[in-house]
Structures are given as structure tokens and as C-alpha cells.
2 protein chains.
Amino acid sequence: MNEVTNENPKLTEREQSILHHVVYNYIQTAVPVGSRYISKHLEKNLSPASIRNVMADLEETGFLSHPHTSAGRIPTDLGYRFYIDYLMEMQQLGDDEKLRIQQQLHQTNDADEMLRETSKLLGKISHQLSIVTSPHLSSGIFEKIELIPIASSKLLVVISIRTGMVRTIILEVGAEVPRDHLDQVGRMINERLAGLTLKEIRDTFVDRVRDVQNEKTGLIRLFVDSVDQLFTDSKEREKVIIGGTKNIVDQPEFVDPKNFRSVIELIENEDIIVHLLERHDESQRNYVVTVGTENKEETTKEYSFVTATYDVGGVTGRVGIIGPTRMNYGKVIPLVDYVARAIAKMLSS
Amino acid sequence: MNEVTNENPKLTEREQSILHHVVYNYIQTAVPVGSRYISKHLEKNLSPASIRNVMADLEETGFLSHPHTSAGRIPTDLGYRFYIDYLMEMQQLGDDEKLRIQQQLHQTNDADEMLRETSKLLGKISHQLSIVTSPHLSSGIFEKIELIPIASSKLLVVISIRTGMVRTIILEVGAEVPRDHLDQVGRMINERLAGLTLKEIRDTFVDRVRDVQNEKTGLIRLFVDSVDQLFTDSKEREKVIIGGTKNIVDQPEFVDPKNFRSVIELIENEDIIVHLLERHDESQRNYVVTVGTENKEETTKEYSFVTATYDVGGVTGRVGIIGPTRMNYGKVIPLVDYVARAIAKMLSS
DNA sequence: CAGAGCACTCATGCACAGCGAGTGCTTACC
DNA sequence: GGTAAGCACTCGCTGTGCATGAGTGCTCTG
């Protein structure tokens with residue numbers, strides 16, 4: 001754990017080594033780490049005083065800080081960032097953990113429940129809060145629509161996505177629409193929307209049916225009005241599964257009830273999380289880590305997010321964990337990454 | 001608030017009056033109440049010493065206790081029970097609160113979201129944890145079934161309930177089944193199950209289709225095998241919506257992190273709550289209150305539950321709140337009751 | 001530039017005292 | 001016999017003072 005793994009721009013080797021130790025130890029113990037301690041554990045023998053000099057430099061550069069005069073140093077968000085990018089070694093995932101994850105995934109074949117349970121497990125293994133979003137259907141490709149009358153004024157709309165997912169919505173229709181007319185409208189929609197993604201449909205549906213907009217039963221008009229409801233996964237708005245609250249409160253940061261509040265705030269306010277996940281989604285890389293203030297939100301400025309995308313034929317979702325910035329990134333990142341791949345594999349089979 | 005509202009068996013009028021004061025004040029302040037305080041506020045002038053005597057009696061009978069020698073008295077579960085049954089006055093619900101509830105209910109027409117938001121509001125108004133269960137379909141009456149092929153090996157089953165609710169399930173069928181055969185099977189099932197509740201169907205489906213069990217495509221066999229999945233509301237198992245965590249942590253009992261843990265335990269372990277709600281369901285009365293140890297569960301022995309049923313044409317669900325035994329029953333009970341009625345009205349329209 | 005020495009700063013823990021709320025008990029009164 | 005007054009006692013809570021120790025910053029020397 002002491003080698004510097006990657007090349008990097010700004011810091012001398014000694015500075016890096018000491019920063020590494022500070023971050024590593026602080027992550028393990030949650031106690032500010034002092035010069036004496038590092039002096040003892042550093043392979044290269046340096047006196048505490050020398051180390052203090054380096055530390056002071058690192059503090060000036062913005063990688064470290066200390067809570068009060070006579071306390072050890074703790075990493076700043078910038079310090080964590082440097083640690084993650086250049087110093088940290090990924091920890092291999094244990095075989096037993098892999099096994100637990102696989103078992104959990106195969107325990108049920110209800111996708112929703114699978115995600116929920118996996119979320120719980122993720123929380124348990126990482127001792128953090130875990131988040132899982134249901135697959136976004138937006139980028140899924142439309143296969144076909146079916147219209148089934150189920151009561152005089154109710155219409156069941158079934159939309160199939162190419163990967164095999166299905167979405168059903170109930171619409172209120174003004175008056176009863178004859179079966180053959182329904183079939184006819186259905187056929188027409190199927191022809192016009194074939195091969196598009198749901199997102200494309202949302203954006204262009206009005207144009208695509210403009211010529212038939214005034215069709216007699218008002219059905220097309222109803223569809224136009226409900227296009228958001230129909231082609232937006234209702235789950236997208238709210239369905240972020242949060243689990244593992246029990247685990248995160250064991251973290252030493254939560255002896256202070258103030259932090260307690262903030263985590264509950266986070267759990268209740270799913271919007272914040274959804275918002276942040278969207279930003280993660282824009283990234284190209286497979287997994288994304290944001291540290292503390294890097295997520296602009298005030299509420300989350302003391303938390304880090306590690307998320308990864310799972311992709312099932314264009315339909316994607318996210319899994320990840322949330323925890324105090326002082327988190328074991330080296331362990332959590334491979335874990336999240338592994339779970340994401342496992343879910344993708346599971347869902348595509 | 002000082003009149004004794006109901007007749008009751010065991011206690012003298014003075015004892016009741018004092019018990020009333022102790023419980024009432026403790027609910028308001030969360031501070032053990034002493035004899036001196038009561039002496040000052042009691043309309044009938046009694047010295048602290050006399051009140052202490054009565055209190056000692058009440059303690060012996062099991063209605064009061066005190067945490068340590070030099071502290072005031074706090075009610076036991078039994079004390080709360082007596083208070084609820086005989087002493088308490090119901091508080092009228094404020095017009096503004098009624099308004100907020102009505103507004104919330106009409107904000108969306110998605111039933112699930114409506115319940116979720118109402119739960120949040122209930123938590124906010126009561127400053128407690130709120131629980132809402134989705135309607136149990138079990139006692140709903142089957143209206144019709146429809147079978148729609150959506151992919152070569154997938155079948156969408158749509159089950160309508162008389163009150164207008166609809167449940168959709170996707171089944172994997174071994175091989176493709178021709179459309180006309182599907183229709184034929186659908187018609188048959190519709191005939192045989194008409195007018196039954198889902199629960200009855202679950203219990204007797206096998207018998208009702210025994211004669212056609214070996215029909216060529218294996219469709220009936222598939223239905224028999226999946227009867228639980230088809231006719232049990234998937235939501236029944238898990239769908240209890242818990243909201244208002246943010247509010248309950250403001251309660252003074254949660255300055256102790258130990259209690260914090262227990263409430264999180266409760267939230268994560270929905271099973272416990274579901275289990276308790278089942279017990280509440282058996283009650284005949286419209287609303288049910290259980291205090292502390294009255295719910296046998298170890299985890300909930302410091303919490304009280306107030307729940308009420310909402311009933312939409314035989315399909316029922318529960319709404320309620322959970323909080324420390326020291327809760328404002330006089331306010332919470334009418335609130336829960338009102339919300340239950342409002343939801344029922346909302347859903348049946 | 002490394003390291004030793006030293007003064008200084010704080011957080012933490014502990015013991016101790018004082019306060020005040022409240023009780024229980026005894027005794028006196030009507 | 002119920003009511004009240006007096007008094008000693010208990011116990012939690014708070015504030016203070018003090019010792020401890022970890023850790024720093026700075027300076028000076030090799």
C-alpha cells in the first residue's frame with residue numbers, strides 16, 4: 001500500500017507518501033492523524049518534525065487541514081480526490097462477498113425485488129447507504145403498443161420495449177371506443193414509432209401524429225396529452241431505492257446527532273439524490289466518484305458518492321453507495337463496479 | 001380538559017383527575033411531572049403532599065412510575081391506556097389541517113403517489129412516523145381477466161377488480177399460444193371466477209379448473225402453478241409506505257442515540273410493522289390504538305401505534321402513525337381517522 | 001534540509017461541590 | 001381518617017478546576 005501507483009503532476013514523492021498515509025489512516029480510524037504516528041509507520045525513517053513540515057506544506061496546498069491547533073491532520077476533499085486519482089490501490093473483492101452477491105441476485109426473479117434486496121446487501125457489505133435506481137426506459141427501443149379496453153371508460157395501454165421490458169398504463173377515455181377502432185389506432189402508432197427510443201418518442205410524438213390529430217374519438221388527442229405519462233417511466237421520477245440506513249449509522253461520524261439529521265434528510269429527500277445521479281449519468285466512465293463539495297448540493301457536501309451504471313441493451317440504471325467523505329474508496333469502488341456488472345448480467349439473461 | 005369524560009370502574013375521581021394531569025403534562029413536555037406542579041394547576045386546591053399520597057397509590061396500582069427517587073412521575077403503558085379509554089378528550093382537527101390534507105389528496109391522480117404524499121403529510125402534521133399500506137386486493141371482487149401476448153414467449157395478464165382497480169402480471173409461457181385459444185381460455189376463466197374475491201380464487205382455483213387441467217397448451221397448468229402470483233397483490237407483501245422520519249427525530253426522546261437506532265431498525269424492518277398491522281386489521285373498530293408493550297414485539301415496546309382502516313368497496317388498506325408512547329393521542333387519533341376517511345372517499349370516486 | 005528541543009494550545013477526562021427538584025415519612029390539625 | 005406542613009434525604013445535573021497528553025509551530029543546530 002505504500003507505492004505510489006500512478007504518475008501525477010504536482011507533488012514530490014515524499015509529499016505523496018505522507019498524504020497517502022494520512023488519508024489511509026484517517027479512513028481506517030476516523031481519528032486525525034499526527035506526525036508522530038506517521039513517523040513510526042513510514043518505511044523511510046523521518047522524524048515527526050520533518051513530517052510536520054511536509055504536512056504544513058500539504059495544508060497550504062489545500063490537501064490537508066486540521067480541526068484545531070493541537071490536533072492531527074485530516075484530508076480535505078481535494079486530498080481525497082488526489083488519493084483516489086493517484087495514490088489509492090483498489091482492493092480485490094473477496095470471494096465470499098462475490099458469492100453473497102451472486103446468491104442474492106438469484107434469489108428472486110422479480111426485478112424490482114431483486115434490486116431492493118441487492119441494495120440492502122450492498123449497504124451491509126459497504127457499511128454505507130446504498131442506492132439503486134430502476135432501469136431508465138428512456139433509451140430503450142420501442143417495440144409495440146397494445147390497447148385493451150378494460151372498462152367502459154378505461155383503457156389499458158401496454159408498451160413493450162425491445163429488451164423484453166413492458167410498461168402498462170391505465171388511461172381514462174371520455175367515451176367508449178369501439179374495438180376495431182382501437183386496433184386501427186394501435187396499428188398506426190406501431191408503424192409510426194417502430195424503432196425509436198422512448199425519449200425520441202416523447203420529443204417527437206406530436207409531430208408524428210399531427211396529420212391525424214383530429215381523429216374522431218379523440219383518442220390521438222388523448223395520447224398527445226398523455227405522452228409524458230405514457231413514454232416516461234413513472235419510476236424515473238421517484239424510484240430510487242435507498243437501503244442500508246442501519247449500516248451507515250454505525251459509522252463514527254454519526255455519534256453527533258447533527259449528522260444523523262443530515263442523513264435522514266438525505267433519505268427522505270430522494271430528489272437530491274436523483275438530481276445528483278443525473279449528473280453522474282452524464283459521465284462517460286463506467287464508475288463515478290464524487291467527493292464532498294464536488295457535488296454542488298449543500299446537503300451532500302459532507303458525503304461522497306460512488307456509482308456505476310448497469311446497461312441492459314441500452315436500458316440503463318445506476319447502483320451506488322453514499323457515505324461520509326471518509327470512506328474506504330479502495331474497497332467500495334470495486335464493490336459497486338462488481339455489483340453493477342452482476343446486475344446487468346442478471347437482467348439481460 | 002379537566003372534566004372526566006367517561007364513567008370507569010376502578011379509580012376515585014381524585015385519582016383520575018391527578019392521573020389525567022400527569023399524563024397530559026407528560027405528553028406535552030416530556031418531563032416527569034412532580035406533585036408541586038400539579039398542586040398549582042389543579043383546580044381543586046390540594047397540597048403537594050396530598051397529591052404525593054395519591055400518586056403513590058397510582059404507582060402501586062400500576063398506572064404511574066418514576067425513573068428514579070427524586071424525579072416526578074411518568075405514566076406506564078397502563079396509565080396511557082386508562083387515559084385513552086376514559087380520561088382523554090379528542091381534539092378537533094383544525095380547518096387548516098383539513099384543508100392541507102384535502103389539497104394533498106387531490107394533487108395527483110396516481111393512487112400510489114397519492115398515498116406516498118399523504119403519508120409524508122401525515123408525518124409532518126403529527127410529528128411522528130407515518131405508515132400507509134396500499135389497498136389489499138384480497139377482498140376485492142374479480143371482474144374479468146384478459147390475456148394479451150406481448151412477445152413470442154410472454155403473456156400479459158390483466159386482472160380487473162370491481163372497484164376499478166387493475167393488476168397486470170407478465171407470465172412466461174413455454175411456447176407461443178394462438179390468439180383464438182387465448183381468448184377461449186380467457187372466456188372460460190372469466191365465466192368460472194365471476195363474482196369471487198381474489199382470496200376465494202386463490203384458495204379454490206385448482207378445484208375450479210380441475211376438469212380442464214390437462215388442456216393441450218399447458219396454459220391452465222401454468223395458471224394453476226402461478227395462482228399465488230396472479231391473485232395475490234404483490235404489494236401486499238412489501239408495500240407499506242413509511243414516511244416522516246424527519247419529523248419524528250425532533251421528538252425529545254431521540255436525543256438518546258440508542259432510541260435513534262431503534263427507530264431506524266423499525267423503518268428498515270418493515271416486516272415488524274406489517275405484522276403489527278395485521279393484528280390491527282383483525283379489530284372490529286374503525287381505529288385502533290396499541291400502546292407500548294401491548295404490541296407484543298420487543299422492538300416496538302416503546303412505541304404506540306394508531307391506525308385506521310380505509311375501505312373502498314371491500315378493498316381495504318390502513319393508514320396510521322407510529323411514535324413514542326408519549327404521544328398526543330387526543331390529536332393523533334382524530335387526525336388518523338380523518339385521513340382514513342378522506343382516502344376512502346378519494347379512492348372511491 | 002533533517003532533526004532535536006521547547007513552549008504553547010487544546011480537547012478530554014475526572015473529581016468535587018453546589019443546586020434544585022422531588023420524594024417519603026413523620027407529625028399535627030380538623 | 002383525610003389533609004397539610006415540615007424536614008431529611010436522594011439523586012441527577014451543571015459548572016469549575018485541574019491534570020494529562022497529544023500534537024503543533026517555531027527556532028536553532030549539524
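These numbers were taken from a predicted model, which means no experiment stands behind them. Lettering of chains follows the sequences in order, A, B, ..., and the numbering in each one begins at 1.
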> Using 30° and 60° as the class limits, which term best fits the ring planes of A:F82 and A:Y86: parallel, tilted or perpendicular?
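Judged by the thresholds at 30° and 60°, the geometry between A:F82 and A:Y86 is tilted.
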
> Scan side-chain atoms only and decide if B:S65 and B:T76 contain a donor-acceptor pair under the 3.5 Å cut-off.
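Result is no, nothing qualifies.
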
> Would you please classify the geometry between the A:F260 ring and the A:F254 ring as parallel, tilted or perpendicular, with 30° and 60° separating the classes?
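If you compare the ring of A:F254 with that of A:F260, the planes turn out perpendicular.
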
> For nucleotides 21-28 of chain D, give me one character per nucleotide, 5' to 3': B if any protein heavy atom sits under 4.0 Å from the base, S if the only such contacts are to the sugar-phosphate, - if neither.
-BBBB---

> Under 3.5 Å, is there a donor-acceptor pair linking the side chains of A:S304 and A:T325?
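The criterion, which ignores hydrogens and geometry beyond distance, is not satisfied for A:T325 and A:S304.
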
> Between A:E15 (CD) and C:dA2 (C1'), how many Å, whole number?
15 Å

> Under a 3.5 Å cutoff, is there a donor and acceptor pairing between the side chains of B:H127 and B:Q251?
no

